[in-house]
Structure formats: structure tokens, C-alpha cells
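Everything below concerns the one structure shown next.
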Amino acid sequence: MTMRTRFAPSPTGFLHIGGARTALFCYLHARHSGGVWALRIEDTDGERSNQAAVDAIFAGLDWLGLTPDEPPVWQSANVARHLAAAEQLLATGRAYRCYCSRERLDALREQQRQAQIKPRYDGHCLRLTASDTAALAADQPSVIRFKTPTTGEVMWQDWIQGPIRIQNEELDDLVLVRSDGTPTYNLAVVVDDHDMEINHIIRGEDHISNTPRQIHLFQALGWPVPEYAHMPLLHGPDGAKLSKRHGAVSVLQYRDDGFLPEAVNNYLVRLGWSHGDQEIFSLSEMVELFDVRQVGRSATIFNGSKLLWLNGHYLRQATPQRLVPEMLYQLQRAGIPEPQRDWLLAVIPSLQQRCKTVVEMVEVGRFYFVDSVQPYHEAAAAKHLTAAILPALTDLVEQLTQLPPSAWQAADLEQLVRQVVAAQALKGMGQLAQPLRVALTGRDTSPSIFEIMVLLGRERSLARMHSCLVWMTQIS
RNA sequence: GUCCUGUUCGUCUAGUGGCCUAGGACACUGGCCUUUCACGCCGGCAACACGGGUUCGAUUCCCGUACAGGACGCCA
């Protein structure tokens, strides 16, 4: 039997980093075992579900490179099936109609809370006689409740958590169909998972308490019970569960912040899973090595600094071609006119090795894409473009101007700068290199100035130097 | 409150009774390299929640305590 698993988000907002991790683990588990990874959109909450959220989820998964093997299933399309299952349970005596009012249920819960016992339905309507029911049915709205066994226990071997056993007396008679005739979550999930032939369910630990109820439903409907793996939750810096209203941001925010999906996936897979001391995993390596049974049981705190380090790593080892679309995206966001592809390709190597995000690449490399680097970064200009260095800088520019165009190579340029440093009896290379850097880039941090001069070419480099000398003369 | 789960350096983790004076990574930090930034290299800091068992021997097994998280809806 082929292994089939699914990722089942509810489209009530963007795909956040916790959801992405669940999706990744499902994906890896399926791929690793040669199984199928399906996607189901749990859009049965008409109030909160919306198309924008569905699009955001697709976009998020797509960006991460996690493509489901089958077209997505919309839970809302299966309502008739869900209701048929409820009818079946009613017919087999595994469910019953309940006429309790919300007021009664609220009062009951309040009472139980005060008595410090677990709030649960008291089975009031289970004890109704046929004539009671007939009388009520005439004008009272009703829900369908599952008749949960009152004794015994339900147990499953969780692939991550190990054996979990829950006493049936801890459970209550959950509502399967609301008074408006719509199915509830637990019913819909069970029916859909069965219909989709899902046999491995990987989901967050917050679903553990649903599992015994769902197992009961599978059994009552005469269906095979799937295997379960409940993943520890992702927590924010404060130690509380990460959620949309609590610290979590959309995975697409990471794209906007200049992260690469390979870095995000790599970061996420190491949250709860490891393979010895290995830190770097390509997606295919993850597929090969991932074993859901090795996932740890303790919750983990999301901490961005390692993600940043990983992103720097992936940036450094990416081919320039790989980074072209990323750069174009960020340049556009930064409001910088789109450069020629060849120019971009030429310039990327000098940026990728020293930056941690694509956003930073654009910031650092801004001088490559603009006509003028003035006004200069204020502190950098104040520190390096001093009256004291003006003679040396002027001398350097003159000599560079006289340099034959064929000698406009990194090694030759460096040699010439060193000569001027010596001739002018400067304290060190930095005395001259830093002012030159500001002239070329407008800032005092940048890629190698010789690399820059070669890339910009003789004309543009000299033009920037000349306008710098003019600027310095004006302010002194 | 009840039930479920967890607890190794600040963070992510290795560790399945002796290999542990507890390993790696990030972060932080000292140094080297260097024209800047970054990379790279060398070094440092820093943890088995607590208390009982079991055992010749516990980070590893059992129990309890504390703390943390999750779940307790006609939400998903």
C-alpha cells in the first residue's frame, strides 16, 4: 500500500513559518518513503476563510518549492459526504440528536469549570426517550452528537510521541453536525482523510487531543485508522506557541526580507530534527535522510540568527544566475531601475560573498546601479574625505588617469595605489583606499575597490573620482 | 482546574547505562588574515531543572516535585 499523507491548512491567513515547517515535514516524509503528498484546504469556516488566504498558502508553498503531488482538495466541496457519514452514524446508533440550547451548554461548562473538573457535555439528550424526542423535534433545532464510549481507552503509537493512551471518560460526545446542518471539523477531517486514502497524518501537537475522537470516528464508520505523527510546536521567543496573532509572520515575508527558500527549509528542518552534527542540508539530502521517527518531542523556539547565517551560506554558494531573479525582485522593491542582465550577472559575485540577505546585496551594491553616488554617506565622507588627504587623492587620480586603459586591471590598479601610498608617505593603505572607496561607492564599506574599478570600467571610475575631488574642493 | 506532552550551553541540537573532565552549530567574544565590510582560520564563554530510587556505574531507566507548553467550542 502506498503511503499517503497530507498537509491540511485552513485558509484563515497567510502560511506562517510554523505551518511551513509542518508542510516541509509532511513533504519530506512522503518523499522519503516514496509516498504521495496531498494538500487539502480546510475552508469550511465560511466566516474566516477567504480566497486571498488560499492564494497566500499556495504562493508560500510554491516559494519553498514544496509542490503537492495532487491537485488540492477543497473540504467545502465534500459537505454532502460528511453529512452522509453523520447519517450513517445516526443509523447505526453511534450518534444521536441533541436539543440542548447554547444557554444550557454554557451554564453547564461554567458549572464544571467552577467545580474544577474538565468541561464536557453531560449526555443529557442521550437519555431522552422516544416521546421526548418526538416532542422536541417538532420545533427545536438540533445537532448531531457522536456517542463516545464511556469506558475503556483509546491508544495509538504516535511516530513521534510514542504510545499515547487517553481514557474515554476524558472525552465527551462531540458535535458532528451543527444546528445549521453543517459538519464540524472532526467529522470533516475523518471523512476527507478516509476518502483521500490518507494513511499517515503528520500535524502539530495541538491536534493530539483531537486524535482520540477521530480514531473513534474512524472505527465507528468501519474505516481503517491512519498512523499519526504529532510534531512539537514552534514557539516564539517568549516560549508561547507561535501563531498568526502571536509573532509569526508569513513565509513570504522572508522572501521580501531577502531570504532564499533553501535557507528557510534548511533552518526549519533542523528545528526538531537532526542528523548527527550536520547543519547544511539540500532539499534532496533532507528527503534522503529524514525519518519522522527521529523528530524530537520537545517544543522549539524560533530564533532568526541561525537562519541569517544559513542564508549567508546559501547566498555564497549560489551561482550568480540563481541570484538574478532574486536581485531583480529586490531591486524593484528598492525602487532601483532594472539593470541589464549582463551587468547584474557581472556584479553579483562581488556582493553574494559578503552579504547575508538579498536585501543587503541591494543595499551594499546600490552604487552599481545608480549614476551618481552623491550625496555621500555623511559619516563616511566626514571621516575619509578630509582636506588632509586631498593632495594624495588628487595625485592618485592623476596617475590613474594616465594609466593606459590596457592596465586597468585589479593587480595593476592595486600596485599603483600602493605606490602612491608609499610616495605620499601615508600611514597605510587605508589612508588612501578608504577615501577612494567613498568616491566610488559613497560609503566606507563595500566590495574590493579594485574589483569595483574593474567592473565599473575606466571611464565611470574616473568620473566618480573627479566629481569627488570637485566636491572635496568645494567643501574645504 | 482536568487531561496530554516536554525539560542538555542564550538558541537549535548530539548523546539510547561506562567512549562525557557532555560533542557540533548559531549567537556572543579574544586573536589572525585584510584597504573597508564580509568570508576563512585559531581560541574562549556557556548546559544534563530539582529530589529520590534502580545499578558496580546514570545525561541516558523508574517515581515524585518544580517549571514550561498544548488541549479542554455548534473554530479549524
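Every heavy atom of this structure was used, including side-chain atoms; hydrogens, water molecules and symmetry mates were not. A note on names: the letters A, B, ... follow the listed sequences, proteins ahead of strands, and every chain is numbered from 1.
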Starting at atom CZ of A/R120, determine the distance to atom P of B/C74, rounded to an integer number of angstrom. 15 Å
A/L105, nearest nucleotide to its side chain (from B/U5, B/C74, B/C12): B/C74
Does A/R418 reach a base, just sugar-phosphate, or nothing at all? Heavy atoms under 4.0 Å. sugar-phosphate
Between P on B/C4 and CD1 on A/I208, what's the gap in Å once rounded to a whole number? 11 Å
B/G1 and B/G24: how far apart are their C1' atoms, nearest whole angstrom? 43 Å
Please check the phosphate of B/C39 (OP1 and OP2 only) for any side-chain N or O of A/K356 closer than 4.0 Å. yes
What about A/K306, does its side chain sit under 3.5 Å from the base of B/C12 through a donor-acceptor pair? yes
Please determine if A/R145 forms a cation-pi arrangement with A/Y121, meaning its NZ or CZ atom is less than 6.0 Å from the six-membered ring centre and no more than 45° off the ring axis. yes
What is the distance, to the nearest angstrom, from the CZ atom on A/F302 to the P atom on B/C26? 17 Å
Is it true that a side-chain atom of A/S350 and a backbone atom of A/V347 form a donor plus acceptor pair closer than 3.5 Å? yes
Take atom C1' in B/A22 and the same atom in B/U59, then report the distance between them in whole Å. 8 Å
C1' atoms of B/G73 and B/C61, separation to the nearest Å: 40 Å
Please state the C1' separation for the pair B/U13 and B/A27 - nearest whole angstrom. 14 Å
What is the nucleic acid contact for A/S448, judged by heavy atoms within less than 4.0 Å: base, sugar-phosphate only, or nothing? base
Which part of the nucleic acid, if any, lies within contact of A/E170, taking any heavy atom under 4.0 Å across all strands shown: a base, the sugar-phosphate backbone alone, or nothing? sugar-phosphate
Considering only atom P, compute the distance from B/G6 to B/G64 and round it to an integer number of Å. 13 Å
Check: A/E153 side chain, A/R165 main-chain N or O, donor-acceptor pair, under 3.5 Å: no
What interatomic distance, in whole Å, is found between P of B/C12 and the corresponding atom of B/G52? 29 Å
Would you indicate what A/H235 reaches in the nucleic acid, counting non-hydrogen atoms under 4.0 angstrom: base, sugar-phosphate, or nothing? sugar-phosphate
Can you tell which of B/A25, B/A76, B/C72 lies closest to the side chain of A/E42? B/A76
Taking only the C1' atom of each, what is the distance from B/U7 to B/C50 in whole angstrom? 11 Å
I'd like to know if the side chain of A/R21 and the backbone of A/I17 have a donor-acceptor N/O pair within less than 3.5 Å. no
Any strand is fair game: report the nucleotide pairing with B/U11 by Watson-Crick or G-U wobble, both distances under 3.5 Å, or none. B/A25
5' precedence on RNA chain B between A/W309 and A/G276 (nearest-nucleotide basis): A/G276
Taking atom C1' of B/A38 as reference, at what distance in whole Å does atom CG of A/D444 sit? 14 Å
Taking atom types as they are modelled, is there a donor-acceptor pair under 3.5 Å from the base of B/C37 to the side chain of A/R354? yes
Reading RNA chain B from 5' onward, which residue's closest nucleotide shows up sooner: A/Y267 or A/S142? A/Y267
Quick one: label A/G272 by what it contacts on the DNA or RNA (base, sugar-phosphate, nothing), any heavy atom closer than 4.0 Å. sugar-phosphate
So, is A/R109 near the phosphate of B/C72, with a side-chain N or O under 4.0 Å from OP1 or OP2? no
Donor-acceptor pair, A/S76 side chain versus A/T44 backbone, under 3.5 Å? no
Have A/T211 and A/R203 got a donor and an acceptor in their side chains that come within less than 3.5 Å? yes
From C-beta outward on A/I166, which listed nucleotide comes closest to its side chain: B/U7, B/C4, B/G73? B/C4
Measure from CG on A/D180 to C1' on B/G73 and round the result to the nearest Å. 14 Å
Rounded to whole Å, CG of A/L233 lies from C1' of B/A71 at a distance of 11 Å
Distance criterion of 3.5 Å, no angle test: do you see the side chain of A/S446 paired donor-to-acceptor with the base of B/C37? no
Which part of the nucleic acid, if any, lies within reach of A/R297 when heavy atoms closer than 4.0 Å are counted: base, sugar-phosphate only, or nothing? sugar-phosphate
May I have the distance from A/I160 (atom CD1) to B/G6 (atom P), rounded to whole angstrom? 12 Å
P atom, B/A66 versus B/G51: distance in rounded Å? 15 Å
Under a 3.5 Å limit on both distances, the Watson-Crick or wobble mate of B/A38 is none
Any-strand Watson-Crick or G-U partner of B/A71, both distances under 3.5 Å: B/U2
Record whether the side chain of A/E205 comes under 3.5 Å of the base of B/G69 through a donor-acceptor pair of N or O atoms. no
Among B/C12, B/C72, B/C74, the one nearest any side-chain atom of A/R145 is B/C74
Can you tell me the Watson-Crick or wobble partner of B/C33, both distances under 3.5 angstrom? none
Which heavy atom in A/R460 sits nearest to a heavy atom in A/L455, and how many Å separate them? NH2-O, 4.3 Å
What is the separation between atom CG on A/L440 and atom P on B/U36, rounded to the nearest whole Å? 16 Å
Indicate yes or no: does A/D122 engage A/R109 in a salt bridge with an N to O separation below 4.0 Å. no
For B/C45, give its Watson-Crick or G-U wobble partner with both distances under 3.5 Å, or none. none
So what does A/D172 touch, heavy atoms closer than 4.0 Å: a base, only the sugar-phosphate, or nothing? nothing
If you look at every strand shown and take non-hydrogen atoms under 4.0 Å, does A/R316 touch a base, only sugar-phosphate, or nothing? sugar-phosphate
Whether A/K241 contacts B/A71 is assessed here as follows: a side-chain N or O lying under 4.0 Å from the phosphate OP1 or OP2. Is that the case? yes
Within the structure shown, what part of the strands sits under 4.0 Å from A/D277 by heavy-atom distance: base, sugar-phosphate, or nothing? base
Looking across every strand, which nucleic acid part, if any, lies under 4.0 Å from A/V175 by heavy atom: base, sugar-phosphate, or nothing? sugar-phosphate
Would you mind classifying the nucleic acid contact of A/S305 as base, sugar-phosphate or nothing, using non-hydrogen atoms under 4.0 angstrom? sugar-phosphate
Less than 6.0 Å separating the ring centroids of A/F259 and A/Y267? no
Nucleotide paired to B/G51 in any strand shown, Watson-Crick or G-U, under 3.5 Å: B/C63
Shortest side-chain distance from A/T445, nucleotide among B/A71, B/U36, B/C74: B/U36
Report the base-pairing partner of B/U16 (Watson-Crick or G-U wobble, both distances below 3.5 angstrom), or none. none
Compare every heavy atom of A/T5 with every heavy atom of A/C26, then report the nearest pair and how far apart it is. O-CG2, 3.7 Å
